[in-house]
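Below: one structure, written as structure tokens.
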2 protein chains.
Amino acid sequence: MKEARILLVEDDQNLGQILKEYLDVKGFSTTLCRDGRTGLKTFKSELFDLCIFDVMMPIMDGFTLAEEVRKSDKDVPIMFLTAKSMKEDTIKGLKIGADDYITKPFSMEELLLRIRAIMRRSQRGENAPPEPTKFKIGQFNFDYDTQVLKDNAEGSEMKLTSKEAELLRMLALNKNQTLERSKALKQIWHDDNYFNSRSMDVYITKLRKYLKNDEHLQIINVHGTGFKLIETSNETEPAQP
Amino acid sequence: MKEARILLVEDDQNLGQILKEYLDVKGFSTTLCRDGRTGLKTFKSELFDLCIFDVMMPIMDGFTLAEEVRKSDKDVPIMFLTAKSMKEDTIKGLKIGADDYITKPFSMEELLLRIRAIMRRSQRGENAPPEPTKFKIGQFNFDYDTQVLKDNAEGSEMKLTSKEAELLRMLALNKNQTLERSKALKQIWHDDNYFNSRSMDVYITKLRKYLKNDEHLQIINVHGTGFKLIETSNETEPAQP
DNA sequence: GCCAAGGGTTAACAATGTTTAACAGGCTTC
DNA sequence: GAAGCCTGTTAAACATTGTTAACCCTTGGC
């Protein structure tokens, strides 16, 4: 099982640092932000499995941050650190969709137990529909596990690199739909920034070359948004009004 | 449940004696040492389920002692007694792999609760389903205990070295998933650095040679991340989402 | 002690994979 | 249609991995 990523937003530098070190030692990959604004920015550019937000923070409080986060990801588990168990806070948090609360002061051990509980829960969710790893794309068979793309027309096989395979898989999973650039960047490159974005463009070019034998396949760009792998059927000639 | 053994290292004779008596009454078998040096010596010659070290001690402080102990046992739970909750101390301790802290002054009751919590935790770890040591990998049978890899197709047996066996075991445990390079290095080489990483590459080559008779087995590289042992079934039928 | 064998590491070089740079077009907006 | 960002493409630069062989060690026999 891969190292889980945690986004920790805590304005108290001391507590934040201690928590981060502790969680890192316990096998998580933790990113610490000092305030809600940088927290939100970080969340939008990287991929996390769990968010832990302090409620009382300057600039942007934990609840507001959570609401913003929910706008771009409605599933990621969120946990709040509250000064004391205030009913109002609790209710507000529940509305936003918090997964757990922990009231200061708390022991590291307790925090860890709760984190593991949440992880276990959200894993179950993932277990439900296993994502396919073998695809039929036009005249090709693509096996994500072996990273092999087979051209059924020519009978040839091409060995893809891991990045090529990951990108093609995401495109295939979203066939005929737009795959958002930032989504792919977060999942494959783990960071949505300019250089990775250009790198992704290079991979799009490579994939287009791999698929060029089948004229019914195209990877088209959706300007400012992402890419779309489209497969047009042979006999369907749509009328142009 | 067997009587748990505790190694208590505390330079304050009064406190040490009181703690020992209390713990003994509560059903533990406690060994008390007055300083880090004798503590280390004792640890190396006997078996303990838990260590409790005072941080402030002459000759050898608790952290140094813990580091030494970690060299010969990287799993035994260690708990620190600290004069006050010093942030630096906490961080230092966490890096070493402490399981808990307790700040003086503390109540006996609190200490007992924490000890039991730790015991419960480490027991859970032990109770968890024991990791398998015998694997069926494609046309091979691999026995980690005897370090023997048997080729069922040819009927031949190969004797692996310990490093080969450990690496193959980790790959087998993560079959069809990516085994992170750093994870393997930490577990098998105990240090994730450039040279060990190259050494691991050499072992990957060796394992590939061992497995090359079965064409459905591959150890493929996930660039910048690790390796994946994949076993492909004979029939390749791509799923249509 | 000396030698040989085996296991493990380091070195060296080849091959492969990924990112960055550079430049050429494209799409949008005003 | 000009300015400014986005995208397409290529090639060079950089980083990681594959492989072989030499080089340490340690161990055990003589």
Side-chain angles (χ1 to χ4, degrees), chain A residues 45-46 144 146-149 157-171 178-212 217-230, chain B residues 144 146-149 157-171 178-212 217-230:
Chain A
S45 72
E46 296 178 41
Y144 170 70
T146 55
Q147 306 183 358
V148 167
L149 182 67
E157 283 194 355
M158 293 165 282
K159 175 91 177 134
L160 307 189
T161 73
S162 6
K163 282 256 185 327
E164 289 165 353
E166 291 196 74
L167 186 52
L168 181 55
R169 175 170 153 273
M170 285 196 81
L171 285 166
T178 302
L179 168 63
E180 282 172 53
R181 188 185 273 276
S182 75
K183 200 174 154 190
L185 286 171
K186 282 201 266 184
Q187 183 158 331
I188 302 176
W189 277 266
H190 310 305
D191 187 1
D192 169 356
N193 64 36
Y194 172 78
F195 288 112
N196 287 338
S197 191
R198 297 319 328 274
S199 198
M200 175 171 164
D201 288 332
V202 172
Y203 277 91
I204 290 290
T205 297
K206 294 183 182 187
L207 291 182
R208 282 181 178 139
K209 280 184 188 163
Y210 284 127
L211 301 178
K212 72 173 187 298
L217 287 177
Q218 295 183 69
I219 299 175
I220 65 174
N221 173 253
V222 183
H223 197 92
T225 307
F227 294 91
K228 192 156 54 162
L229 169 63
I230 57 173
Chain B
Y144 170 69
T146 56
Q147 304 186 359
V148 166
L149 182 67
E157 282 194 358
M158 294 165 281
K159 173 88 179 140
L160 306 189
T161 73
S162 27
K163 281 257 186 323
E164 289 165 353
E166 291 195 74
L167 186 52
L168 182 55
R169 176 170 152 274
M170 285 196 80
L171 285 167
T178 302
L179 168 63
E180 282 172 54
R181 190 179 203 103
S182 72
K183 202 173 153 189
L185 286 171
K186 277 187 224 159
Q187 182 158 335
I188 302 176
W189 277 266
H190 310 115
D191 186 5
D192 169 355
N193 64 37
Y194 173 78
F195 289 110
N196 287 339
S197 192
R198 298 318 330 274
S199 196
M200 175 170 166
D201 287 333
V202 172
Y203 278 91
I204 290 290
T205 297
K206 295 182 182 186
L207 291 182
R208 282 183 178 137
K209 280 184 189 164
Y210 284 128
L211 302 178
K212 73 172 186 297
L217 288 177
Q218 295 182 68
I219 299 176
I220 67 177
N221 172 254
V222 183
H223 198 95
T225 306
F227 294 90
K228 192 158 57 160
L229 168 64
I230 58 171

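Residue numbers begin at 1 in each chain, while the letters A, B, ... track the order of the sequences. Model, not experiment: these values are computed from the prediction. When reading the values below, keep in mind they use all heavy atoms of this one structure, side chains included, and skip hydrogens, waters and symmetry mates.
In plain terms, the two heavy atoms of A:Tyr144 and A:Ala165 that are nearest each other are CD1-O, 3.8 Å. The nearest pair of heavy atoms linking A:Asp191 to A:Asn196 is O-ND2, 2.9 Å. Closest approach of B:Tyr210 and B:Lys159 over heavy atoms only: OH-O, 4.2 Å.
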Exercise for review: Run the numbers on A:Met158 and A:Glu164 for side-chain contact (heavy atoms from CB on, under 4.5 Å), then give the verdict.
Suggested key: CA-CA 11 Å; A:Met158 293 165 282; A:Glu164 289 165 353; over 6 Å; no
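Rounded to an integer number of Å, the gap from CD1 of B:Ile219 to C1' of C:dT16 is 18 Å. One atom, CD1 of B:Ile204, and another, P of C:dT9, lie 14 Å apart when rounded to the nearest Å.
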Practice item. Mark up nucleotides 17-30 of chain C, 5' to 3', with B wherever a protein heavy atom is under 4.0 angstrom from a base atom, S wherever such an atom reaches only the sugar-phosphate, and - elsewhere. Key: SBBBSB----S---
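Contact of the B:Tyr203 side chain with the B:Lys206 side chain is registered, since non-hydrogen atoms from C-beta on lie closer than 4.5 Å.
A donor-acceptor pair under 3.5 Å is formed between the side chain of A:Ser162 and the backbone N or O of B:His223.
Residue B:Phe227 is classed as a sugar-phosphate contact, given heavy-atom separations below 4.0 Å to backbone atoms only.
The side chain to side chain donor-acceptor pair (under 3.5 Å) search around A:Arg208 returns none, not counting sequence neighbours.
If you walk DNA chain D from 5' to 3' and mark each nucleotide with an atom closer than 4.0 Å to a heavy atom of chain A, the marks span D:dC6 to D:dT10.
Exactly one residue among B:Thr225, B:Asp192, B:Asp201 makes a side chain to side chain donor-acceptor pair (under 3.5 Å) with B:Arg181. That residue is B:Asp201.
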